[in-house]
Amino acid sequence: MSALENAEVATKQNGAAAEQQPRERIAVENPATGENVGYVDDMDAAQVAAIVDRALAAQPGWEALGFEGRAAKLRELRRWLVENRRRVIDILVKEGGKTPEDAMLGDLWYVCDSLGFWGKTAHKYLADERVRTHSPMLLGKKVIVRHRPVGVVGVIGPWNYPLTNTFGDAIPALMAGNSVVLKPSEVTPLTSLLVAEGAEAVGMPNGALSVATGAGDTGAALIDHVDMIHFTGSTRTGRKVMARAAERLTPVSLELGGKDPMIVLDDADLERAANMAVQWAMANSGQICMAVERVYVEEGVYDRFVSSVVDKVSRLRQGEPGEPGTVDVGAMTFPPQIDIVDRHVRDAVDKGAQVLVGGKKAEGPGRFYEPTVLTGVDHTMDVMRDETFGPVLPIMKVRDAEEAVRLANDTRYGLNSSVFTRDLAKGERIARRLGAGNACVNDALMNYMAQEAPFGGTNESGLGVRHGPQGIRKYCSSQTIMVTRFGPKREPGMFPNKRVTAKVFERLMVLLWGRRRRG
Ligand code: NAD
């Protein structure tokens with residue numbers, strides 16, 4: 001089945017909303033070839049409302065399946081995705097221009113792993129908690145905290161990881177018992193439609209997982225109807241999402257942009273550090289929120305590090321992704337992004353940076369930017385301050401670790417970060433001083449696979465986290481229940497107010513909290 005047919009088949013699964021006349025169709029393009037690979041509806045507010053209504057109707061039945069029932073359905077969906085892996089990877093490659101390796105590991109592997117992870121852990125993270133309260137006033141009373149689904153969760157996603165950062169964020173929401181409406185990026189909507197096809201194929205209740213296709217207005221309309229929004233995308237749009245959600249006091253979780261630093265100290269394993277820098281600056285053409293976007297290298301190893309990186313980057317194969325093993329760096333997915341990348345490189349060069357490899361758009365019908373290494377960079381340049389989101393690695397020489405930490409923290413972002421040193425204690429000390437929400441010692445990015453641990457950004461990189469207990473509780477509202485089994489007919493402090501009772505409480509307060517502690 002072609003991607004176009006797939007888009008049309010899957011769109012039908014959106015039921016009532018899809019039966020209405022679509023406003024417009026959005027063309028989906030293969031960025032590596034410029035070819036059209038399908039069309040999706042640009043849904044308006046009424047269509048979005050209809051999809052959310054269906055999701056709302058489906059939610060009680062989905063929740064009633066219980067953790068085991070939902071986990072079983074999601075395991076079936078995982079099997080379906082693996083059985084249909086060729087289609088999934090093909091669509092990811094076609095609509096994203098990424099390599100099949102990135103499609104398999106960065107998208108499909110992650111969500112398959114995640115389906116199992118949340119299937120196994122959701123019931124533990126969301127189990128009722130018996131709270132032992134400290135208050136003497138509550139002696140003998142039972143206090144329980146429970147986490148219940150909010151209802152319908154909207155997940156708005158970006159184009160760089162159409163499966164991981166869209167459906168991936170739906171998995172814990174679904175396991176918590178919510179229904180979910182995905183609003184994939186208009187640039188890469190076909191993957192989400194394929195997942196919806198899978199959800200139907202494995203018999204998930206109609207409406208438990210649906211897709212609202214469209215551009216920014218569709219996302220904005222979704223915010224107006226759902227009970228919670230998880231958004232992944234740019235900081236600029238994240239602000240708009242939060243402002244819109246504030247109208248109805250809808251809770252939001254925001255995973256936004258980054259400008260992740262890597263620090264390489266004199267005693268680092270340089271070969272590993274150089275491999276990590278090249279891999280995580282160039283993978284998916286640098287279109288990763290936690291890509292290595294700037295490197296600070298101690299002067300003692302700077303020359304060796306730079307020459308090793310240049311050698312590795314020069315050998316990268318770029319082109320239209322085909323069979324696995326043929327291309328390292330694919331296309332730039334989003335048309336305006338290649339201009340941002342070029343602008344950053346031009347700005348750096350104008351201010352004195354040297355281009356050691358790459359430095360320009362590549363020829364051809366598709367959208368490619370050559371893997372690029374810059375030196376002679378500093379913090380007056382956009383490439384060191386703003387998110388580039390392209391295959392560009394700027395490397396800066398620093399005097400010592402202190403200067404590296406200061407520069408690494410000189411940012412308005414705070415997503416991921418890394419430090420390379422053989423002195424693990426020193427590495428950990430430096431990691432603790434980095435302002436980012438995540439820091440690796442002798443590693444980069446792979447911390448994302450530790451789904452037990454929270455992953456989220458500080459400052460302009462976001463609000464809230466994915467993964468870990470908070471990564472599923474954010475899709476719930478908590479309810480505290482207090483049960484009093486044996487209570488007196490009248491509790492102390494009840495009406496009528498009496499002078500003597502007030503005196504007793506006053507004495508008690510002084511006794512408990514009014515005395516100076518000795519020593
Ligand atoms: P974007 O902000 O342009 O768009 C993201 C999504 O928001 C799209 O689906 C878009 O249609 C929708 N949208 C646009 N305007 C909207 C509005 N007013 N209301 C609601 N929705 C709206 O981002 P992008 O260009 O698709 O993605 C790239 C960005 O995503 C980068 O900044 C990258 O760092 C970030 N990102 C962050 C993470 C993370 O985990 N922190 C992961 C992946 C990508």
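Since the model is a prediction, treat every value here as computed from it, not as a measurement. When a ligand or atom number is given, it counts from 1 through the structure's own listing order.
Checked by distance only, ligand 1 and Cys289 stay at 3.5 Å or farther apart across all their nitrogen or oxygen atoms. For ligand 1, the polar-atom distance check against Thr235 finds no nitrogen or oxygen pair separated by under 3.5 Å. Not a single N or O atom of Lys240, backbone or side chain, sits closer than 3.5 Å to an N or O atom of ligand 1. Residue Asn165 has no nitrogen or oxygen atom sitting less than 3.5 Å from a nitrogen or oxygen atom of ligand 1, judged on distance alone. Distances between N or O atoms of Thr232 and those of ligand 1 include no value under 3.5 Å. The distance criterion of under 3.5 Å between nitrogen or oxygen atoms is not met by Ser461 with respect to ligand 1. Of the N or O atoms in Gly157, one or more lie within a sub-3.5 Å distance of an N or O in ligand 1.
No hydrogens or angles considered: nothing links the side chains of Thr33 and Glu320 as a donor-acceptor pair under 3.5 Å. For Arg54 and Asn206, the side-chain atoms include at least one donor-acceptor pair closer than 3.5 Å. With 3.5 Å as the limit, one finds no donor-acceptor pair spanning the side chains of Ser461 and Asn459.
Looking from atom 16 (C) of ligand 1 to the surrounding protein, the closest heavy atom is Thr237 CG2, 3.4 Å. Closest to atom 12 (C) of ligand 1 among all protein heavy atoms lies Ile156 CG2, 3.7 Å. Ranking the protein heavy atoms by distance from atom 26 (O) of ligand 1 puts Trp159 CD1, 3.0 Å first.
Those atoms of ligand 1 with a heavy atom of Ala220 less than 4.0 angstrom away are 19 (N), 20 (C). Atoms of ligand 1 found under 4.0 Å from any heavy atom of Lys183, numbered from 1 in the order shown, are 8 (C), 9 (O), 10 (C), 11 (O).
Contacts between Leu256 and ligand 1, counted as non-hydrogen atom pairs separated by less than 4.0 Å, involve the backbone only. Contacts of Phe231 with ligand 1, taken as heavy-atom pairs under 4.0 Å, involve the side chain alone. No part of Gln287 comes within 4.0 Å of ligand 1, judged by heavy-atom distances. Contact annotation for Arg244 and ligand 1: no heavy atom of the residue comes within less than 4.0 Å of the ligand. At a heavy-atom cutoff of 4.0 Å, ligand 1 is contacted by the side chain of Leu415 but not by its backbone.
Within a 6.0 Å sphere centred on CE of Met449, other residues, nucleotides and ligands contribute more than 12 heavy atoms.
Trp159 and Phe389 have their aromatic ring centers within a separation under 6.0 angstrom. Taking the six-membered ring for Trp, Tyr448 and Tyr110 have ring centres closer than 6.0 Å.
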